[in-house]
Structures are given as C-alpha cells and as structure tokens.
Amino acid sequence: MSEKRFVGNWESVNQHEVPKWYDDCKFGIFIHWGIYSVPAFAPHTWELGEVDSSEWFLDNPYAEWYYNSLNVGKGPTYEHHIKTYGKDFKYEDFIPMWKAENWNPEEWAKIFKEAGAQYVVLTTKHHDGFCLFPSKYTHFNSVEMGPKRDITGELTKAVRNEGIRMGLYYSGLIDWQFANDPIYEDADLFGTSSPTFAYADYSYNQMIELVDTYAPSVFWNDIGWPKQSEEAMPYFLAHYYNKVKEGVVNDRFNGRYYDFLTKEYKSGKADRTVKWEMCRGMGLSFGYNAYESDDMLISVPDLIALLVGTVANNGNLLLNIGPKADGTIPEEQVRRLKLLGAWLETNKDGIYGTRCSDRESEQLENGLELHYTQKAGNLNVFAIGLKEGENSFLIKGLHTHLRPFDKNVDMECADSPEGLRVTVKNYKEDMYALGMTTADR
C-alpha cells in the first residue's frame, strides 16, 4: 500500500483500502477474557441470529454479558447468581476473584502460532467497562485491580514476538459504568446505552489511547459509536490510519464506515464481492462458560468446514477462545486449535494468500461439499464430507488434473466429457477435509 496520509474527513478516509495482509491471512484468534470469566456462566440456548432480540437478552448464551443478564432481574443467569452468590453480591465483587494467577502470555502466543493464526484480537474493554490496559482515563482497569497486570501490553508483546499481528477490540458504544439500564432488545443498544457527551469523549479518548500505545493492526469496534460524537469518527479513523499504515477496521461504526463486514454466528453479512469476517466462539459463548461441556463445542470437522467455506467465499475466520479466570485456556479449546493448526500446516497453500475462485461453493447430490480458492493462477479444491476409505466424485466442468496437498493420500483423476472424476482410495476421517490443487506438487 502507498504511504498515503489521511485527514479527518469522510472523503479522505473513504479512500482507504483493505491491506493485502488482511486479505491474505484468513485465520485469527479472538479473545474474550475479563471479570465475567469468574462466574463463567450462561445458558446454552441458541446462536446469535436464530431468535428475535426480545428472546435473546432474557436467555443470553454469552457469558461476557453476565452483568446485563443479571441486571434484567430474571432468567437463567439471574437465578444462577442468586442461588450461587446471593442477591447482595454485585458484579464488581467478582473483581478480586479474577487473579489470572496462572496466566502466561508467551504460552498463549505459542498456542496461537501452532494453531496457524495470523492475527489476534483481544477484548481490551468489554461492555462492563473494565479495561485490560492502564488507561489514564479510569482506575477501573486490570493494572490497578484484579490481575494487577497490563494484559493488553503483555499479550501484544508476546503475540508479536511470535510473528503474529495484534489487533484490539473496544466496546465503543456500551459501557455499563456510565449507563447500566438493562438491555432487553436490540432497540436498547442505542436507545439506553451510554447517552452522555461525557461518555462519548471518554470512548473517543480511550480509542486514541489504544492506537497511540499499542498500534493495533486491527481496530475492532463493537456495537457502534456514540451518537453524540459521530462526526468525530473520520478524525479517529484518519489518526489510526496515519499511525498504523496497514491498519484495518470492522463495520460496527453505525453503518457509516467499514474496511470489512462482520458476521457473528448467523447474524451479519457475508458477501463474496466485499471482504468480510466470521467471528464466533467454539460454543455459543465468547467468554468462558464452565457449563458448556466439550460435546457442546463445535466439532473439529465442522470447524475446518467453517474455515474452508469462509475462506472460499472471501472471508476470514476469527475464532474465539474464552480463557478461564486463572489465565489458562480450557483443554477442549486448545485441542481444537492444535488439530486445526495441523490441518492448516498440510493444506496451507490452498488457504493462506488465496482469493475467491470464479467457481462458487457447491453441494453435490451425494451430500459432498466442494469449495474453491485460487492463487498464482492455480485452482484449489476442498472436498468436505468424505467417508472413511474409498470415495469417488465428479467435479463438473473441470478438465485439469488435481494433486492432494496431503502426500499420504492415494488419489486418481480421470477426465470425462462432464468434468474430472476424482477417486480417493484411502481417505481417513481424521483428515477432516481433503485439499487438492492444480499446482505442481
């Protein structure tokens, strides 16, 4: 990208382009870690986008929304809290219990590296307002309270030492330390959240503080931007792009701006013509939910299928981890990350640095899914849903032979008038998805 300098108006910032690195990287790690990791509770209900918001907030499966779920005064989280901690136990009373005594940021970064992640996005301040960095605008932060550590600074250093880009999440619109009326439906997100000019200034100042202190490769704003300071938005964006030459932002800026679109579970937009990102937890929550057992988390085959389908259709996958309060990543999450990393190591040439193929994803009559990417003039094909042993399928309209990325696969290709007949003789279910390419191997 050119060394363009941006100025604080819409005409200037609208000229910003998605940097190549973000288009190339395909896979990142999201991290939700905070006070809510202590109670670590939410009902296991539904994915975002499956039900109307009036149902969602009463049975919210997001453990990081514990404060609001408690604040609505009814529902599974409220009942759990009263039974477990008592009605006089406030959310803020969890802070001394969040000690992060076993946290090792270097160990986290090594796990992310092994998983094949190319970028990381940390929640520096979620909706509860607790900051994971030493902000000069509040004492309500992890250096002065709770863990007594600069979580953002320490993790940023560890992640970058592994050669991974570091991004930061910030809850721009909601901060329950400023306005904490219960949120019952989507209309409340803007209707009751942080309505003051004081918060608008606070939010803007902390965003600038994060940019100037940590220079994040991704600035991931959540929910929206305070209406009271909406016209300050291009000033922030220009400052960020001038500070971080290859910086990129998401689309949660009141519908006025984006570098990439976001999908969250079943909510949001995916568009092959525009860069987008899928974010989700391994279960139904982002924050750690101790009541989500291993069998409630996404399976490894489904996780790999999600990655492949996302990448083939111009997206990145931002997969969330929810660490425990002590700073350890749950074993069931680590296992999935390592298996995904091993698959990526084998099939990386068909994922990283690729672009959409002219061939769109398709489902064959036998239920098999085919996804396509391209790079350097070569076509890559991923088959999902193969069974143990021998498989045969036709790729219509393709007349160029393919070679498997996995050298242990015994595969034959036969050209026919309809297309390419592929026969795989020794497929193993623990291969999860078969990657093939027209490139010389």
Side-chain angles (χ1 to χ4, degrees), residues 6 8-10 13 30-36 64-65 67-68 71 91-92 121-145 150-153 156 167-183 186-216 218-244 247-259 262 264 286:
F6 295 89
N9 60 56
W10 288 115
V13 297
F30 215 178
I31 306 169
H32 280 65
W33 194 35
I35 300 169
Y36 45 80
E64 67 277 12
W65 275 71
Y67 184 109
N68 189 72
N71 210 18
Y91 179 80
E92 289 78 10
V121 178
L122 170 71
T123 51
T124 65
K125 185 201 79 167
H126 207 262
H127 310 326
D128 61 8
F130 193 76
C131 299
L132 275 58
F133 59 100
S135 175
K136 63 184 178 183
Y137 299 102
T138 182
H139 297 291
F140 197 59
N141 66 68
S142 65
V143 176
E144 300 184 52
M145 310 172 93
D150 176 6
I151 291 170
T152 301
T156 295
L168 302 180
Y169 161 113
Y170 184 83
S171 175
L173 181 64
I174 298 178
D175 189 318
W176 292 318
Q177 301 304 308
F178 281 79
N180 62 1
D181 291 347
I183 295 173
D186 284 347
D188 293 327
L189 294 175
F190 279 89
T192 63
S193 297
S194 305
T196 65
F197 287 94
Y199 175 69
D201 287 344
Y202 175 82
S203 176
Y204 179 88
N205 287 334
Q206 282 201 326
M207 289 182 174
I208 293 292
E209 185 177 39
L210 287 169
V211 169
D212 289 348
T213 305
Y214 304 107
V218 180
F219 195 97
W220 212 101
N221 188 51
D222 201 9
I223 306 294
W225 182 287
K227 286 286 187 180
Q228 293 75 13
S229 65
E230 199 171 77
E231 292 310 314
M233 205 183 291
Y235 294 90
F236 167 76
L237 293 167
H239 180 81
Y240 173 54
Y241 293 144
N242 290 330
K243 175 75 174 182
V244 184
V248 62
V249 303
N250 65 343
D251 60 351
R252 300 187 181 187
F253 288 86
N254 300 6
R256 299 194 64 172
Y257 188 83
Y258 65 86
D259 283 320
T262 55
E264 184 173 333
F286 285 89

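E264 meets the salt bridge (charged side-chain N to carboxylate O under 4.0 Å, His left out) test with R252; sequence neighbours excluded. The salt bridge (charged side-chain N to carboxylate O under 4.0 Å, His left out) search around E230 returns K227, R256, not counting sequence neighbours. Residues passing the side-chain hydrogen bond (donor to acceptor under 3.5 Å, both in side chains) test with Y91, sequence neighbours excluded: D128. Residues forming a side-chain hydrogen bond (donor to acceptor under 3.5 Å, both in side chains) with Y214 (at least two apart in sequence, or on another chain): D150. Residues that satisfy the side-chain hydrogen bond (donor to acceptor under 3.5 Å, both in side chains) test with N141, not counting sequence neighbours, are E144. Qualifying side-chain contact (heavy atoms from CB on, under 4.5 Å) partners for D259, counting only residues two or more places apart in sequence or in other chains: H16, V18, Y241, V248, V249, Y257. Listed by chain and residue number, I183, Y184, E185, T192 satisfy the side-chain contact (heavy atoms from CB on, under 4.5 Å) test with D188 (two or more places apart in sequence, or in another chain). In this structure W65 satisfies the side-chain hydrogen bond (donor to acceptor under 3.5 Å, both in side chains) test with no other residue, sequence neighbours excluded. Scored by the side-chain contact (heavy atoms from CB on, under 4.5 Å) test, H239 finds I208, V211, D212 as partners (sequence neighbours excluded). Among residues two or more places apart in sequence or in another chain, the side-chain contact (heavy atoms from CB on, under 4.5 Å) test is passed with T196 by A198, Y199.
With Q228 contributing its side chain and P195 its backbone, the two residues share a donor-acceptor pair below 3.5 Å. A donor-acceptor pair under 3.5 Å links the side-chain atoms of T152 to the main chain of L132, judged by distance alone. No donor-acceptor distance shorter than 3.5 angstrom exists from the side chain of Q206 to the backbone of S135, with no hydrogens or angles considered. Side chain of T124 to main chain of L168: no donor-acceptor pair is present (N/O by atom type, distance under 3.5 Å, no hydrogens or angles). Under a 3.5 Å cut-off, the side chain of Y258 and the backbone N or O of G255 do not form any donor-acceptor pair.
Contact of the E92 side chain with the Q177 side chain is registered, since non-hydrogen atoms from C-beta on lie closer than 4.5 Å. Within the 4.5 Å cutoff, side-chain heavy atoms of W225 are placed close to those of M207. Between W176 and N68 there is a side-chain heavy-atom pair separated by less than 4.5 Å. You'll find the side chain of Y169 reaches within 4.5 Å of the side chain of H126, heavy atoms only. Taking the side chain as every heavy atom from C-beta outward, Y67 and H127 never approach each other to under 4.5 Å.
Classification of the H32-F286 ring pair by plane angle, with boundaries at 30° and 60°, yields tilted. Classification of the F236-F253 ring pair by plane angle, with boundaries at 30° and 60°, yields parallel.
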| request: Check the pair I151 / L122 against side-chain contact (heavy atoms from CB on, under 4.5 Å), numbers first and verdict last. | output: CA-CA 9 Å; I151 291 170; L122 170 71; 4.2 Å; yes

| field | Steps toward side-chain contact (heavy atoms from CB on, under 4.5 Å) verdict (T138, Y202) | value | CA-CA 9 Å; T138 182; Y202 175 82; 3.2 Å; yes

| Between S142 and F130, does a side-chain contact (heavy atoms from CB on, under 4.5 Å) hold up when you go through it step by step? | CA-CA 7 Å; S142 65; F130 193 76; 3.9 Å; yes

| said: Would E209 and Y204 count as a side-chain contact (heavy atoms from CB on, under 4.5 Å) here? Give the steps. | reply: CA-CA 9 Å; E209 185 177 39; Y204 179 88; over 6 Å; no

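With rounding to the nearest 0.5 Å, the separation of OH in Y170 from CG in L210 is 7.0 Å. Atom-to-atom distance recorded for N250:CG and F219:CZ is 9.0 Å, nearest 0.5 angstrom. Distance check, rounded to the nearest 0.5 Å: OG of S171 to CG of N221 gives 7.5 Å. Residue D175 holds its CG atom at 5.5 Å from OG of S194, rounded to the nearest 0.5 Å. To the nearest 0.5 Å, atoms CG (D251) and OG1 (T262) are separated by 3.5 Å.
Nearest heavy-atom pair, L173 versus S193, reported as atom, atom and distance to 0.1 Å: O-CB, 4.3 Å. Smallest separation of non-hydrogen atoms from P234 and E231: CD-O, 3.5 Å.
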